[in-house]
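So you know, we letter chains A, B, ... as the sequences are listed, proteins then strands, and number each from 1.
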There are 2 protein chains.
Amino acid sequence: MVTMSDVAKLSGVSKMTVSNVINGRAGVSEPVRRRVMEAIRQSGYRVNVSARTLRSGRTGVIGLAVPEIDRPYFGQLAAHVIAQAAQHGFHVSIEQTGAAAAGEMDAIAHSHTLHFDGLILSAVELDRADPRLADAGYPIVMLGEQDFGAKFDHVAMPNEEGTKAATAHLIDRGCRRIALVTGSGLDGVNVVTRRYRGYLAALAEHGLSADPALFFAIDGMTMDSGRDAGRRLADSGGGIDGVVAVTDTVAQGVLRGLADRGVRVPDDVRLIGFDDIPESEFMVPSLSTVAPDHRWMAAKAVELLINRIHAPLRQAGEHIAPFTLVIRESTR
Amino acid sequence: MVTMSDVAKLSGVSKMTVSNVINGRAGVSEPVRRRVMEAIRQSGYRVNVSARTLRSGRTGVIGLAVPEIDRPYFGQLAAHVIAQAAQHGFHVSIEQTGAAAAGEMDAIAHSHTLHFDGLILSAVELDRADPRLADAGYPIVMLGEQDFGAKFDHVAMPNEEGTKAATAHLIDRGCRRIALVTGSGLDGVNVVTRRYRGYLAALAEHGLSADPALFFAIDGMTMDSGRDAGRRLADSGGGIDGVVAVTDTVAQGVLRGLADRGVRVPDDVRLIGFDDIPESEFMVPSLSTVAPDHRWMAAKAVELLINRIHAPLRQAGEHIAPFTLVIRESTR
DNA sequence: TTGTAAGCGTTATCAC
DNA sequence: GTGATAACGCTTACAA
């Protein structure tokens, strides 16, 4: 392995001068700089990041912890975060938490080991009271889901507003018996409860009542559980004419479950999702959905994190993403 | 920051003994080991990976370079690779190459900087002749696409065999005018040409001719270009009764493009894809497809890479993944 | 503008 | 079994 000393020897200067050239520091004469660059090129020298990190304490890597990278929403999120971080000269390392609280704490403990400069945590289940969160050793930004009070910067989805708009849209289209397909946990403050509140708010505003028979609980935010809910929904015979699904992924499952039972969308039932994943436009029928500005969210999270890396003591804040309602065939 | 020296002082032993305890090396008496463990617990000590890496030369991180992490296939691949690597005590860092050859070389140069122990490269465009590949400084395993000759371990898709089986299946179902929707580059040895050969082989074997009018070229492996191809296909009026799409993602676009034109699947046209992404089961209609064993591929790639990390000089080989044909509604 | 010296936290070596 | 010492490759602080 070729080191800085080798380059120094080759170009007839000291290690320090080589370091200065590499890091673009001022105070190196042009001839020397050229000699050094040439020596670097010739020798094929590469900086040893471990040594630099050991000395400087900065890794240039930020962690992104997501439940499962193979769900479209998180894949898309990761792509945006990687792009944004690159613009600031940071790399991204992805950790899968497996949607379990234990895994999420692992990501933090682990990344401690891996020496991230900071962590973006797209949390679903993590208990907000966990004390270990406080002393992770580096800044953390929460993205997209949980509310952890004032301790962390938090980039939030327009959960309540978005779901309210989606529900209101179905009502506008003439739906009167509108089902909600969502997670079962209605305690605490999280995606599920926030979106539930938005659903209720829209119903109330239009003088509709919230029938418990219209509430379809599912186990995870997966296509599979969505399909199951779609079938139950079709079998319920409750005259349901509209469905709000908690995410597009779940909506895709619902769509499939309804198709399994011969229920047509939007003819028999209208359906709307949340997230605007890339697939939504291509489903048959294409899926109407709440489209948060994902790029904005990724940019915001990276910006907040990098700010905090440079200035650890700042007031944390919540930032709610803007959204639009994308109307497609499923609610025509 | 609490270091190994602190733990040593706290437990009244030397740094070296602490190191031995942490790394589970033999030759530490039980009482001492317990004292050290307790000191670690009390102090909240964490290993500094940079220092360890600097000294040992191992990072414990393997890179995974994929064109775009937000495409379902690569998301799924990443999930499997992460899981497999974890079983061997390795972490995974994901690099996006943006499907361009330049980006793929970047991933290599870059990860040099990042000090991976090895790299799994899911290459699409990378020119096999690029000399920089040879001296990346760590082992590389090619996964899923390109063929780079005998220089690298290579875990390959059953491109030819799978596409042949898919085409034969359509013929079995009674299709006689079978279109192929695939990338335009028919030169070189890559996914596109290999799958094309499989398609031709099946036609030939059943006495059907390859009509150029049945060849629909697309620009990238995206849903968007698939949709476009689906529309052109519907508008072509060539009596097409079957479609082989180069990937499921493209097939999803084709499905949508056909729906745009009111063409019914499978009633008017039968459609089959390649990859068996999670979405395929949930499309309407659900998509028949060639299902390579993704888990097998990830496991093989990780295994080959780790073998090579431990024994750099071994004969490279090609390993073709097993596959099954999954028959769903789109070819019923 | 350039060079010297010290040390970041860990592990390999070899002595005890 | 346990410990002292010397690296690993780089950057910070300071001297020339």
Gap between atoms CE and C1', on A:Met16 and D:dA16 respectively (whole Å):
15 Å

State plainly whether the residues B:Glu38 and B:Arg34 are in salt-bridge range, i.e. N to O under 4.0 Å.
no

Quick one: which of D:dA6, D:dG9, D:dT11 gets closest to the side chain of A:Asn48?
D:dG9

Answer with base, sugar-phosphate or nothing: what part of the nucleic acid does A:Thr3 contact at a heavy-atom distance below 4.0 Å?
sugar-phosphate

Considering heavy-atom distances to DNA chain C, does A:Lys15 or B:Ser5 have its closest nucleotide positioned more toward the 5' end?
A:Lys15

So which heavy atom on A:Gln96 is nearest to which on A:Ile69, and how close?
OE1-N, 2.9 Å

Among residues 18-38 of chain B, which contact DNA chain C at a heavy-atom distance under 4.0 Å?
B:Ser19, B:Asn23, B:Arg25

A:Met37 atom CE: more than 12 heavy-atom contacts under 6.0 Å:
no

Report yes or no: does B:His91 contribute a side-chain atom to a donor-acceptor pair with the main-chain N or O of B:Ala85 at less than 3.5 Å?
no

Are A:Thr59 and A:Asp117 close enough that a side-chain donor and a side-chain acceptor fall under 3.5 Å?
yes

Any side-chain donor near an acceptor of the partner, B:Ser19 and B:Arg25, under 3.5 Å:
yes

Any donor-acceptor pair under 3.5 Å linking the side-chain atoms of B:Arg71 with those of B:Thr222?
no

With a 4.5 Å cut-off on side-chain heavy atoms, are B:Thr97 and B:Val66 touching?
no

Starting at atom CG of A:Leu54, determine the distance to atom P of D:dC10, rounded to an integer number of angstrom.
12 Å

Outermost nucleotides of DNA chain C that come under 4.0 Å of a non-hydrogen atom of chain B
C:dG9 to C:dT13

